[in-house]
There are 4 protein chains.
Amino acid sequence: MSATEDSPPDWRDFSGDPLSPLLRSATQTFVARGYHGTTTRMLAAAAGMSVPGLYHHFASKQALIVAIMDAAMIELRERSLGALTEAGDDAGAQLDLHIECLALFHAHRRELALLASTELRSLDPTERDHHIAARDAQERMLVDILQRGVDQGVFTVDDARQLARALATMSTGISQWYSPAGPLTPADIAASYIAYARRLTS
Amino acid sequence: MSATEDSPPDWRDFSGDPLSPLLRSATQTFVARGYHGTTTRMLAAAAGMSVPGLYHHFASKQALIVAIMDAAMIELRERSLGALTEAGDDAGAQLDLHIECLALFHAHRRELALLASTELRSLDPTERDHHIAARDAQERMLVDILQRGVDQGVFTVDDARQLARALATMSTGISQWYSPAGPLTPADIAASYIAYARRLTS
Amino acid sequence: MSATEDSPPDWRDFSGDPLSPLLRSATQTFVARGYHGTTTRMLAAAAGMSVPGLYHHFASKQALIVAIMDAAMIELRERSLGALTEAGDDAGAQLDLHIECLALFHAHRRELALLASTELRSLDPTERDHHIAARDAQERMLVDILQRGVDQGVFTVDDARQLARALATMSTGISQWYSPAGPLTPADIAASYIAYARRLTS
Amino acid sequence: MSATEDSPPDWRDFSGDPLSPLLRSATQTFVARGYHGTTTRMLAAAAGMSVPGLYHHFASKQALIVAIMDAAMIELRERSLGALTEAGDDAGAQLDLHIECLALFHAHRRELALLASTELRSLDPTERDHHIAARDAQERMLVDILQRGVDQGVFTVDDARQLARALATMSTGISQWYSPAGPLTPADIAASYIAYARRLTS
DNA sequence: TATGAATGAGCGTTCATTCAT
DNA sequence: TATGAATGAACGCTCATTCAT
């Protein structure tokens with residue numbers, strides 16, 4: 001995601017991939033068949049390894065999905081914070097860049113995002129709680145931006161909470177239908193969704 | 001859903017339940033744990049029956065989820081057609097009632113809708129193809145309404161297909177967060193979403 | 001072991017078998033290969049069942065060996081108490097009957113006794129503690145008898161504790177070499193061991 | 001066991017250890033968990049080596065236990081022969097020293113002796129046959145001594161074979177309960193057991 | 001010599017499903 | 001109609017062992 005771990009990564013740059021080949025293939029299989037519908041033999045075959053080879057890298061099937069979901073959570077959080085920082089204090093700019101960030105992420109990281117929302121239920125209780133908290137914090141960012149815009153007098157919004165949910169599910173929905181083979185680029189989609197967000201707040 | 005099977009049901013009336021008690025409890029379990037994460041023992045226990053008792057009513061675990069997904073598909077289709085009929089020829093009215101219909105369905109039939117979108121992958125190939133086609137047809141209704149509004153000159157829309165997907169995922173997203181214990185009624189939500197749709201088409 | 005559960009069983013009567021056929025065959029296999037060297041497939045094959053058939057009767061391989069070891073412990077305890085009751089207050093009679101009881105048990109219940117001593121280490125911690133306590137209580141019976149004989153002035157014994165261990169291991173050793181195909185009956189062996197015990201206490 | 005390999009070792013001297021550190025730690029682990037309950041990882045960890053390091057010294061887990069059991073068998077045989085040689089022709093002296101030898105060995109070589117008796121079943125068939133033959137030869141030594149004493153008219157024994165088994169299991173039993181932390185030294189125990197043997201043969 | 005990484009085979013256990021009763 | 005008992009197949013995982021380095 002960036003040249004060095006220390007330098008702040010560009011939240012618009014998706015040229016890298018935060019997942020190792022094993023986690024990448026596991027993500028695809030988990031998305032296609034679900035956590036419980038995926039066997040360790042499938043995961044091994046998809047990664048071109050033997051089953052014990054899998055266990056050499058991860059302690060369990062659960063550890064695999066936890067690693068994937070951690071990666072998803074961390075990447076989205078860091079990108080969102082990057083967008084917020086770039087936006088400065090203006091709520092309008094914050095909304096634009098936040099929506100751009102969500103749209104880019106859910107298009108570029110289609111499978112990762114799908115998995116993160118679908119398989120929360122397959123996590124062990126402790127991990128599940130952790131990820132639910134992270135998801136809630138992520139969703140609060142958008143509520144806060146909307147509320148800030150209302151306070152600043154730049155947004156016309158009835159119920160910030162409700163609109164935040166509409167905008168959020170609209171954006172996460174991208175990963176349900178986006179295909180890199182389609183006519184739209186992630187940037188195209190982001191531009192449209194920014195326009196939607198502006199209409200819904202004015 | 002209606003007093004008799006023949007009379008046209010009211011698409012706003014959710015007082016009935018299209019699912020038998022067995023299918024209703026199965027839906028809850030499938031939503032909570034996923035198709036592959038649910039065992040027939042869980043389904044039997046949730047329904048208060050023995051495992052062979054389950055097989056008396058349904059030929060297999062697969063037949064159970066197919067029945068549930070068929071019910072979801074049929075109910076949404078019939079309600080959508082009911083809304084369209086009531087709306088008449090005006091694209092603006094069609095959009096309002098279609099969005100109202102989607103919002104009401106995804107709030108009132110929260111679990112059914114969640115299952116229908118999440119567990120498509122768990123269906124046997126033939127059934128999956130059938131339901132994917134039905135889902136696509138369902139989504140096309142909204143595209144057609146938007147296009148009709150553009151053609152009638154009452155909507156200002158750049159890309160009808162893209163906006164349809166945004167409106168659709170926004171609406172289906174309701175079933176991801178709606179709770180009957182929350183402050184909003186399904187009708188409240190529908191009203192908000194109609195307003196969102198209007199803003200996005202003007 | 002007795003006609004009815006309530007009537008006190010005869011501690012010399014080994015015509016019955018406290019183990020079900022499944023537990024009996026499992027005992028043989030565990031003795032022959034050890035707990036960890038025995039697979040559930042072996043146990044199922046030895047019992048003429050399928051593997052899930054095994055799990056229909058017992059929750060786990062561990063539950064099987066626990067049931068066997070419980071049966072061994074309970075049977076030896078009840079027989080020992082029966083012998084003690086029959087002996088009355090005389091320490092000489094108590095020693096005779098206790099040794100007879102140990103000899104008969106370790107000959108008649110050869111495999112059960114072997115298993116109970118060898119596989120203590122294979123029990124889960126809680127069960128292990130329970131059985132170690134029971135074994136210690138069993139061994140204390142002999143120490144107490146010897147001490148009583150010393151107190152009554154009928155035994156000439158240097159160190160009751162040490163002699164008790166010698167007599168006990170000598171007796172449990174029977175199950176290491178006894179074979180029903182050999183020339184000696186359990187009663188023959190018991191008679192000899194009573195004589196040994198008398199010599200060692202006079 | 002002795003300063004040089006050629007000089008006859010003192011059968012009462014247990015200051016040395018016939019086992020290499022690796023075999024010693026393996027013996028402890030095998031005793032604690034059984035052959036099949038012990039993994040090569042446990043063996044390596046107990047010896048402070050890596051698993052392949054283990055295989056550098058021994059071709060297999062089986063080779064390890066065979067080496068241990070060979071050492072046990074050889075040591076007991078050599079010590080027994082040493083005791084017999086020292087005893088000369090008198091059956092009474094032979095019995096005393098043989099019992100002393102057994103007692104010392106089963107106290108000093110507690111774990112080795114336990115392993116040798118418990119894990120015969122875990123040996124490959126060829127090795128098992130070999131060790132069973134060695135064990136039988138070892139046991140015959142005691143039978144022969146008793147018979148010699150009867151023939152010489154110095155022992156009063158009904159059934160030499162049976163008494164030999166009682167004396168043998170009594171002695172091997174020492175390794176089941178002896179602890180160096182306890183109040184008795186191996187020499188104490190040996191003295192007691194010699195006294196027991198005398199009582200049982202007079 | 002020593003080891004991190006790998007694997008075929010098999011472990012204890014559970015699955016969806018069936019059938020005698 | 002309902003179920004206690006059963007099972008072939010497959011589950012997640014670990015085993016003893018190997019080999020490139």
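Each chain gets a letter, A, B and so on, in the order its sequence line appears, and its residues count up from 1.
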Under 4.0 Å protein heavy-atom contact, by nucleotide of nucleotides 15-21 of chain E - B base, S sugar-phosphate only: BBBBB--

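- The CG-P distance, from Asp124(D) to dA16(F), rounds to 14 Å in whole Å.
- At whole-Å resolution of the value, CD1 in Ile65(D) and C1' in dA16(F) are 15 Å apart.
- The distance from the OG atom of Ser122(C) to the NE2 atom of His36(D) is 11.0 Å, given to the nearest 0.5 Å.
- Taking atom CG on Leu54(C) and atom C1' on dG8(F), their separation rounds to 15 Å, with Å as the unit.
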For DNA chain F, the dot-bracket notation using Watson-Crick and G-U wobble pairs below 3.5 Å, [ ] for pseudoknot-type crossings and | for other-strand pairs, is .||||||||||||||||||||

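- Note that the CE atom of Met69(A) and the CG atom of Leu115(A) stand 5.5 Å from one another [nearest 0.5 Å].
- In terms of heavy atoms, Ala67(B) sits closest to Phe58(B) at CB-CE2, 3.6 Å.
- If you run side chain to side chain donor-acceptor pair (under 3.5 Å) between Tyr35(C) and each of Gln62(C), Arg121(C), Glu119(C), only Gln62(C) comes through.
- Across Met42(C) and Thr38(C), no two heavy atoms sit closer than the pair SD-CA, 3.8 Å.
- Look at His57(D) and you won't find any side-chain N or O under 4.0 angstrom from OP1 or OP2 of dT1(E).
- Rounded to whole Å, the distance from CZ on Phe58(A) to C1' on dG4(E) is 16 Å.
- Distance OG1/Thr40(B) to OH/Tyr55(B): 4.5 Å, rounded to 0.5 Å.
- In this structure, CG on Asp17(D) lies 4.0 Å from CZ on Arg24(D), to the nearest 0.5 angstrom.
- Here the closest heavy-atom approach between residue Arg109(D) and residue Gly16(D) is recorded as NH2-O, 3.1 Å.
- Rounded to whole Å, the distance from NE2 on His56(C) to C1' on dA5(F) is 4 Å.
- Rounded to whole Å, the distance from CG on Leu22(C) to P on dA6(F) is 10 Å.
- As rounded to whole Å, 11 Å separates atom C1' of dT7(E) from atom CE of Met49(A).
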